[in-house]
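Model, not experiment: these values are computed from the prediction. In this chain, residues are counted from 1 in sequence order.
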Amino acid sequence: MSNALDFTFSDLIAGYLTGYDPDTDIAELHTSDGRPYSVKLTVNTVGEMMRNLGEAYIDATAQLRGLMQPGRFIHVYGVFYPAEADGTAFEAKHVTLFGKEADEYRFESQDWWLKQIVKIADFYLDSEFGPGATTFDFRNYRTDLTMLGTATQSTRQETDTISRLIYGLATAYMISGKQPYLDAASSGAQYLIDHLCCVDRTAEIAYWYHAITIQPDGTERKILASEFGDDYDAIPCYEQIYALAGLTQVYRITGDPKLREIIDLTVNLFDKYFKDKTNFSDGTPRRGYYSHIDPVTFDPLSPALNEGGRTNRDRKNWNSVGDHIPAYLINLFLATGEERFADMLEDQCDTITQHFPDYENSPFVQEKFFGDWRKDQKYGSQLNRAIVGHNLKIAWNLMRVNSTRPKAEYVAFAEKIADLMPGVGSDRQRGGWYDMVERVKQPGRSSTGWSGTTAKPGGSRSRASWPT
């Protein structure tokens, strides 16, 4: 029994205008993949000009009809009416315009992104440390904020979210030159080292706690192993990787030798405990980095990593191999110019280029593996699904590394991804990119449909399907 589409529903169309008839008040447009739509404007249709963060609402309702020029890109939110006499009708409720001129996109303005990042950085400084703060005590930092920027009851401080904030603030300083951003980033970097980093000078490594919780009496409860879903009760490589994102960006600016020491000790951690230095039976190096290590023994082959229904023993994935590149390694090479970091970049890209393509089976890369690079397509909640952003990150990072270690295979792989992803990973009805999708079409799906998932807060995911 098929489902009858006989009810009204609201949705978004992103497309380019091909015409407008003032007599019928109907605009014609087509999506980025060429599908035509007729959009009925009404006396209640509202027009709005795109605005940046912090800007006032710009009403364009009175000018809307005069701005319906062919070629203009618009977003239309409205109501679908199935089973009308002439087919499914679509009535516009809200139209977003992207510029005054038909070929104008406000986000291409020279200062658009500068204004946006300043607004975001100011929001975080005000929310975390108080309006107008000139000193930045990360003891007051909270991982969880409401949408209005107020702190929740949680006193949890997570390493990776602090590190990412530090990275953002340091980058905002590099773009804007505003000193408070660098001051806050530097304070945050030192706070991370003092409160969330463990230095073992005997082993010459540094490793990072997953989080700390500040107790009512002011003491700290440190949490070493991850408490996130599939990574629970293990030390995932990507959490250690992203602990370096903020420190490395601050180091690029300041050259602080204390930061460099901790960065180097963490790189030692990757080399000593996460890096696979074993060989295949023919003597060929297996290469790559394990995805998890045991929080007690630091052993990636510990049987404890497979307890509790999890399967983290002897595994590798995109995050443990590729995330080194954008999180800290490119910035570390830019900061130092040291060839050993360029060698690491090349090694990561060689490993990705060798093992991740799977185009005879899927338009998406394979990103979950056993230690010997056999495909792991039953891992956790991801199973045989793809993260669209990881495919895009591979192309982006291959081309960045290609600028210093050029290889034809890097360019070919990146171009392959660039050719495929818009058709299978983007939402050409509404704009934007999907998060998680099925790597192969599921039984019963048409040749033009993919089934996948979209992320929800907290890492849970809901099923969805869409045309491609």
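A salt bridge is defined here as a Lys NZ or Arg NE, NH1 or NH2 lying under 4.0 Å from an Asp or Glu carboxylate O, and Lys40 with Asp25 fails to meet this definition. A salt bridge does not link Asp419 to Lys416: none of the charged nitrogens lies less than 4.0 Å from a carboxylate oxygen. Between Lys316 and Asp376 there is no salt bridge, since no side-chain nitrogen of the basic residue lies less than 4.0 Å from a carboxylate oxygen of the acidic one. The existence of a salt bridge linking Asp144 and Arg156 is excluded, since no basic side-chain nitrogen approaches an acidic carboxylate oxygen closer than 4.0 Å. By the 4.0 Å N-to-carboxylate-O rule, Asp122 lies too far from Lys178 to be salt-bridged with it. Lys119 and Glu55 are not joined by a salt bridge, as no carboxylate oxygen comes within less than 4.0 angstrom of a charged side-chain nitrogen. Salt-bridge annotation for Arg142 and Glu158: absent, with no side-chain N of the basic residue lying under 4.0 Å from a carboxylate O of the acidic one. A salt bridge between Arg310 and Asp231 is absent, with no side-chain N of the basic residue lying under 4.0 Å from a carboxylate O of the acidic one. We find that Asp358 and Lys375 are joined by a salt bridge, their nearest charged nitrogen and carboxylate oxygen being less than 4.0 Å apart.
Of the inter-residue distances, the one linking Glu409 atom CD with Asn402 atom CG reads 9.0 Å to the nearest 0.5 angstrom. Distance CZ/Phe136 to CG/Leu182: 10.0 Å, rounded to 0.5 Å. Trp113 CH2 to Glu108 CD: the interatomic distance, rounded to the nearest 0.5 Å, is 10.0 Å. Leu259 contributes atom CG, which lies 14.0 Å from atom CZ of Arg252 (distance to the nearest 0.5 angstrom). Going from atom CD of Gln190 over to atom CD1 of Ile166 covers 10.0 Å, rounded to the nearest 0.5 Å. To the nearest 0.5 angstrom, His390 atom NE2 is 6.0 Å from Asp323 atom CG.
Shortest non-hydrogen contact noted between Gly246 and Ser163 is N-OG, 3.0 Å. The shortest non-hydrogen separation linking Ala184 to Leu169 is CB-CD1, 3.9 Å.
Using a 4.5 Å heavy-atom threshold, the side chains of Asp435 and Val388 count as separate. In this structure the side chain of Val39 reaches within 4.5 angstrom of the side chain of Leu29, judged on heavy atoms. Inter-residue side-chain proximity for Ser226 and Pro236 is flagged as met; some heavy-atom pair is nearer than 4.5 Å. Side-chain atoms of Glu239 and Trp208, non-hydrogen and from C-beta on, never get closer than 4.5 Å to each other. Counting only heavy atoms from C-beta outward, the side chains of Trp373 and Phe356 approach each other to under 4.5 Å. Using a 4.5 Å heavy-atom cutoff, the side chains of Leu345 and Ile330 are in contact. No side-chain heavy atom of His292 sits less than 4.5 Å from a side-chain heavy atom of Phe274. In this structure the side chain of Thr152 never reaches within 4.5 angstrom of the side chain of Leu145, judged on heavy atoms.
No donor-acceptor pair under 3.5 Å is formed between the side chain of Thr213 and the backbone N or O of Thr155. Although no hydrogens or angles enter the test, the distance criterion places no donor-acceptor pair under 3.5 Å between the side chain of Thr150 and the main chain of Thr146. Judged by distance alone, with hydrogens and angles left aside, the side-chain atoms of Arg106 form a donor-acceptor pair with the main-chain N or O of Met50 at under 3.5 Å. Between the side chain of Ser362 and the backbone N or O of Tyr359, no donor-acceptor pair lies under 3.5 Å. Remark: the backbone N or O of Glu104 is not paired with any side-chain donor or acceptor of Glu101 at under 3.5 angstrom. Without hydrogens or angle criteria, Tyr410 side chain to Glu346 main chain gives a donor-acceptor distance under 3.5 Å. Of the possible donor and acceptor atoms, one in the side chain of Thr18 sits under 3.5 Å from a partner among the backbone N and O of Glu28. Under a 3.5 Å cut-off, the side chain of Arg72 and the backbone N or O of Asp103 do not form any donor-acceptor pair. Of the possible polar contacts, none joining the Asn331 side chain to the Gln249 backbone as a donor-acceptor pair under 3.5 Å is found. A donor-acceptor pair under 3.5 Å links the side-chain atoms of Thr45 to the main chain of Thr42, judged by distance alone.
The ring pair (Phe, Tyr, Trp, His ring centres under 6.0 Å) test with His324 is passed by exactly one of Tyr238, Phe333, Tyr289, Trp318: Tyr289.
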Do Tyr434 and Asp427 pass the side-chain hydrogen bond (donor to acceptor under 3.5 Å, both in side chains) test, and can you show the C-alpha distance, the side-chain angles, and the key distance before you say yes or no?
CA-CA 7 Å; Tyr434 290 110; Asp427 184 345; 3.2 Å; yes
Could you go through Thr88 and Tyr81, starting from their C-alpha distance and side-chain angles, then the distance that decides it, and tell me whether this counts as side chain to side chain contact (heavy atoms under 4.5 Å, CB included)?
CA-CA 5 Å; Thr88 300; Tyr81 295 89; 5.8 Å; no
side-chain hydrogen bond (donor to acceptor under 3.5 Å, both in side chains), that's the test. Do Gln429 and Arg35 meet it? Break it down for me.
CA-CA 9 Å; Gln429 167 75 25; Arg35 288 176 291 111; 3.1 Å; yes
Walk me through whether Asn312 and Tyr379 qualify under side-chain hydrogen bond (donor to acceptor under 3.5 Å, both in side chains).
CA-CA 9 Å; Asn312 291 321; Tyr379 179 83; 2.5 Å; yes
Going through the checks in order, is the side chain to side chain contact (heavy atoms under 4.5 Å, CB included) test met by Phe129 and Tyr124?
CA-CA 8 Å; Phe129 308 108; Tyr124 275 107; over 6 Å; no
Test side-chain hydrogen bond (donor to acceptor under 3.5 Å, both in side chains) on Gln377 and Gln366 and set out the steps.
CA-CA 9 Å; Gln377 297 182 338; Gln366 173 67 37; 3.0 Å; yes
Decide side chain to side chain contact (heavy atoms under 4.5 Å, CB included) for Leu64 and Met68; before the verdict, give the C-alpha distance in whole Å, the side-chain angles of both, and the deciding distance to 0.1 Å.
CA-CA 7 Å; Leu64 184 60; Met68 295 288 101; 3.6 Å; yes
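Neither side chain, Asp111 nor Ser109, offers a donor N or O lying under 3.5 Å from an acceptor on the other. Residues Glu48 and His94 bring a donor and an acceptor atom of their side chains to less than 3.5 Å of each other. In summary, the side chains of Asp33 and Thr31 do present a donor paired with an acceptor at a separation below 3.5 Å, with no hydrogens or angles considered. Under the 3.5 Å distance criterion, with hydrogens and angles disregarded, a donor-acceptor pair is assigned to the side chains of Asn52 and Gln116. A donor and an acceptor atom, one from each side chain of Tyr181 and Asp183, are nowhere located under 3.5 Å apart.
No more than 12 heavy atoms of other residues, nucleotides or ligands sit less than 6.0 Å from atom OH of Tyr232. Heavy-atom neighbours of Gln110 CD from other residues, nucleotides or ligands within 6.0 Å: at or below the threshold of 12.
Using cut-offs of 30° and 60° for the angle between ring planes, the Phe369 and His355 rings count as perpendicular. Relative ring orientation between His75 and Phe98 is described as perpendicular, the plane-to-plane angle rising above 60° on a 0-90° scale split at 30° and 60°. Aromatic ring pairs are classed by plane angle as parallel below 30°, tilted from 30° to 60° and perpendicular above 60°; the pair Phe73 and Tyr16 is tilted.
A cation-pi arrangement is present between Arg164 and Tyr242, with the terminal nitrogen or guanidinium carbon under 6.0 Å from the aromatic centre and inside a 45° cone about the axis. Cation-pi geometry between Arg374 and Phe370 is met: the NZ or CZ atom falls under 6.0 Å from the ring centre, inside 45° of the normal.
Aromatic ring centres of Tyr191 and Tyr141: separated by at least 6.0 Å.
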